[in-house]
Structure formats: C-alpha cells, structure tokens
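Read the numbers this way: they start at 1 and go in the same order the structure lists the ligands and their atoms. All of these numbers come straight from a predicted model, not from anything done at the bench.
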Amino acid sequence: MKSWIDSANGPECHFPVQNLPFGVAKTTDGVKHCVCAIGDKVIDLAMLEANGFFDPEITTPVFNQPALNDFMQLGPHVWQAVRTSLTQLLIENGNPALKDNNSLREQAIVSMSDVEMKLPFKVAEYTDFYAGRQHATNVGTMFRGAENALPPNWLHIPIGYNGRASTVVVSGTPVRRPLGQTKAPDADAPSFGPCKRLDIELEMGAVVGLSSTMGEPLTVAEADEMIFGYVLLNDWSARDIQAWEYQPLGPFQAKAFATSISPWIVTKAALEEFRVSTPDRDKTLLPYLQEPGPMSYNIELEVYMQSGSAKKATRISKTNYNNLYYSAAQQLAHHASSGCKMNTGDLLGSGTISGPDKTQFGSLLEISWDGKEPFTLESGEARSFIEDGDTLTLTGWAQGDGYRIGFGNCEGTILPAIKASM
Ligand code: MN
C-alpha cells in the first residue's frame with residue numbers, strides 16, 4: 001500500500017500510510033490542533049473535519065483543540081471510521097478529495113519540520129507497572145540476590161504503583177535533575193541534594209481511550225477494546241532517592257519529577273498484524289488475568305545516549321516489546337479488578353523492557369550493573385548513570401514487509417539540578 005505523499009513510501013519511514021498515528025501540533029500560526037503523521041508531513045485533522053470528511057461519524061468537532069481526549073472518548077467505531085477515511089484520502093488511487101484540492105492541500109498538509117509537537121492528550125492519571133521479567137530479575141538479583149530475585153507475587157500479579165500525571169511531558173522537553181533525600185550505606189544520617197544516580201527506564205505507554213465504571217471489573221478482552229494506542233515512554237528514575245524511600249510503599253519522589261512520552265499515539269489498529277502472545281507462563285494465572293488471544297506486540301526498541309559534547313549518539317540497548325510478561329490489556333484488567341474506575345486519557349507504563357542479553361537491558365542500572373560496570377560511549381566517555389547535558393532517546397517500530405509502523409522518538413536532555421538550599 002503506497003501513498004501519493006512520496007516521503008511516506010521509504011522502507012524505513014516511521015509514518016507510512018499503514019500507520020497514521022495521532023498527535024497534537026502547534027503550527028506556525030500558533031494554533032494547536034489534532035494531527036496525524038504521514039511521511040515527513042502532518043495532516044491537520046481540524047481542517048479535514050471542518051470540510052466534512054469525517055461525517056457522519058463525528059457530529060461535534062473534536063480535532064480543533066490541543067488534546068485527543070474527546071476523539072478517544074468516541075470509541076472504537078469512530079476511531080476505525082476516521083482511520084478508514086484517512087487511509088482512503090492518503091493512498092494512491094484512493095479518494096481524490098484531498099489530493100486534487102489545491103487550496104485544501106495547502107492548508108491541511110504541513111511539513112513536520114514546521115510544527116512543534118505537543119503532549120498528544122491530557123493525561124488523566126499515570127500508573128506504572130513492573131511487567132518486564134528480565135528487568136525484575138536483574139534488579140532483584142542486585143538487591144536481594146539471585147535466589148530471591150523475583151518477589152513471591154510477581155508471577156501472579158502485574159505489580160504497579162500510582163505515578164504522577166502532572167509531570168508527564170512530551171519528547172524534547174528538557175528534564176531537570178531531581179533533588180531528593182538520600183542516604184549513603186555508610187552514612188549515619190540522610191542528606192538532601194541533587195540525585196547522583198539518575199537513570200532511564202525503557203517502557204511503552206498504553207493510552208486508555210474509553211472509561212470504565214467504578215465498582216465494575218473488566219475482562220482482559222474488554223480492557224484490550226478500551227486501549228486507543230501506544231507511545232514510547234521513558235520513566236526517568238532517581239535510583240539513590242528510590243533506594244532510601246521505597247520501602248514499604250514503593251517509589252515516590254524517585255519517579256515523580258518527570259516521565260517523557262513520544263508525541264505520536266500509534267493506534268492499536270495499526271499494530272494489529274504485529275500481535276504476538278505474551279511469554280509462556282511459569283504459574284497459571286487466575287482466570288481474570290487470562291488472555292483470550294495474543295495481546296502483546298512484536299515491536300523493536302532501541303535506546304541511544306549522547307553527551308552534551310559528543311557529535312553522535314551511541315546505541316546502548318536494543319530489545320523488543322514482546323519481552324513483557326504481562327500485556328497492557330492484562331495490566332488494565334488488573335487495574336480495574338478491585339472496582340477502580342479507569343478514565344479516558346489514563347496512561348499505563350509497561351514497566352522496563354529488558355531482554356535476556358546485556359545488550360538488551362532497558363535501564364542504566366542494569367547496563368552498568370548497579371554502577372559497578374561502567375560502559376563507554378562511542379565518544380570515549382564512560383558512564384554508569386546520566387550526567388548533566390546527556391540526551392537519552394528511545395525509538396521503536398514494528399517491522400512489516402517493506403514498511404515500518406514507527407513510533408518516532410522519545411527524547412530528553414538532562415539539565416543541571418536547581419541549587420539545593422535545604
Ligand atoms: Mn518504570
């Protein structure tokens with residue numbers, strides 16, 4: 001399937017006509033609208049909506065605003081109808097109504113380089129899971145020894161914590177090194193100051209499109225239906241703050257200062273043919289967590305790191321989303337299992353995605369093995385954790401036959417800490 005927009009047809013392009021991810025862009029005239037990506041262009045969906053392209057499915061405009069929440073709330077039938085309309089407008093030999101309309105084309109199609117991508121949706125609440133078995137095993141081995149690496153509940157329950165929506169930011173937003181309370185193992189008392197062990201977590205975020213009802217649990221199949229799409233997610237982590245604060249209620253300030261996501265929500269529809277099963281189960285899951293079909297995806301993931309003075313980024317990890325033990329649908333079903341209401345715009349972090357090999361680890365904590373095995377960037381600089389001025393970039397794609405369903409980048413540069421006065 002080709003598009004009449006040539007830049008969409010390259011084999012490594014992240015945004016071919018098969019993808020059509022949704023985002024929010026600020027154009028040069030300062031207006032923020034919902035858009036979709038195709039090749040090196042963005043399509044202004046508010047413009048198409050105003051011209052009646054999504055009639056009759058959308059009766060009240062949803063795209064002339066800086067968030068996709070209202071569109072997501074309309075549900076899978078409308079998501080699919082809009083996707084079908086866009087596909088027809090953008091494929092070769094499809095509906096010529098955009099291709100052959102010069103003035104509309106000039107207004108509705110903008111170069112990606114001329115827009116600023118914003119947070120694609122209003123994040124209602126953010127929950128982060130711990131569903132990567134290799135990551136949990138690595139971290140458990142470091143802190144509790146290989147014998148007790150996985151906590152006793154891990155093979156039965158998708159472990160998570162409630163994070164902060166207020167500090168979820170779009171790719172490209174600089175991240176200030178956090179301050180916090182830490183205690184060195186040999187110190188008598190804790191101190192307050194800049195984090196010394198700043199880390200990333202390579203994750204993907206599931207974006208909840210539909211809400212659920214308080215008091216009513218969801219099946220895994222219902223949960224899957226409610227997911228609108230997926231983004232890349234970097235769960236920035238302050239390991240020294242986390243080590244001192246986390247018992248008994250889990251991470252708090254160590255994770256609250258920033259979470260970065262990629263600007264494009266890749267829809268579940270675009271990922272459909274890349275569905276794969278989650279890994280074999282060591283323990284049979286309780287019925288409410290059992291999957292009726294393949295609920296994970298085959299998505300290649302990479303992490304790059306670049307110092308402030310280096311000319312080129314170094315790839316420090318290459319792994320796959322299919323390493324996750326629990327799918328996003330299972331996480332969402334578990335989240336609602338007590339009767340917890342889930343909302344349009346909820347963001348579920350997958351947990352750090354590490355593969356079995358050292359080259360596949362999704363955090364610096366694992367790559368440098370608790371800081372004991374520093375690694376070297378191509379610029380010759382050594383790292384265990386993140387230094388000020390370093391840029392960390394996540395990227396990923398599902399590989400089709402001659403095309404990619406890409407997620408673009410999720411990037412952030414670390415700024416020096418604010419001077420602590422406490
Ligand atoms: Mn995390």
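Using modelled atom types, no side-chain atom of S317 and backbone atom of V303 make a donor-acceptor pair closer than 3.5 Å.
Looking only at N/O/S atoms, E201 comes nearest to the Mn ion (ligand 1) through OE1. Here the N, O or S atom of D235 that is nearest to the Mn ion (ligand 1) is OD2.
Heavy atoms only, all atoms of each residue included: S327 and T278 are closest at N-CG2, 3.8 Å.
For the pair F361/T352, no side-chain contact is recorded, criterion being any heavy-atom separation below 4.5 Å from C-beta on.
Computed with the Mn ion (ligand 1) at the centre, the E203 OE2 to D128 OD2 angle is 110°, stated to 10 degrees.
Electrostatic pairing of E273 and R275 does not count as a salt bridge here, judged by no charged N lying under 4.0 Å from a carboxylate O.
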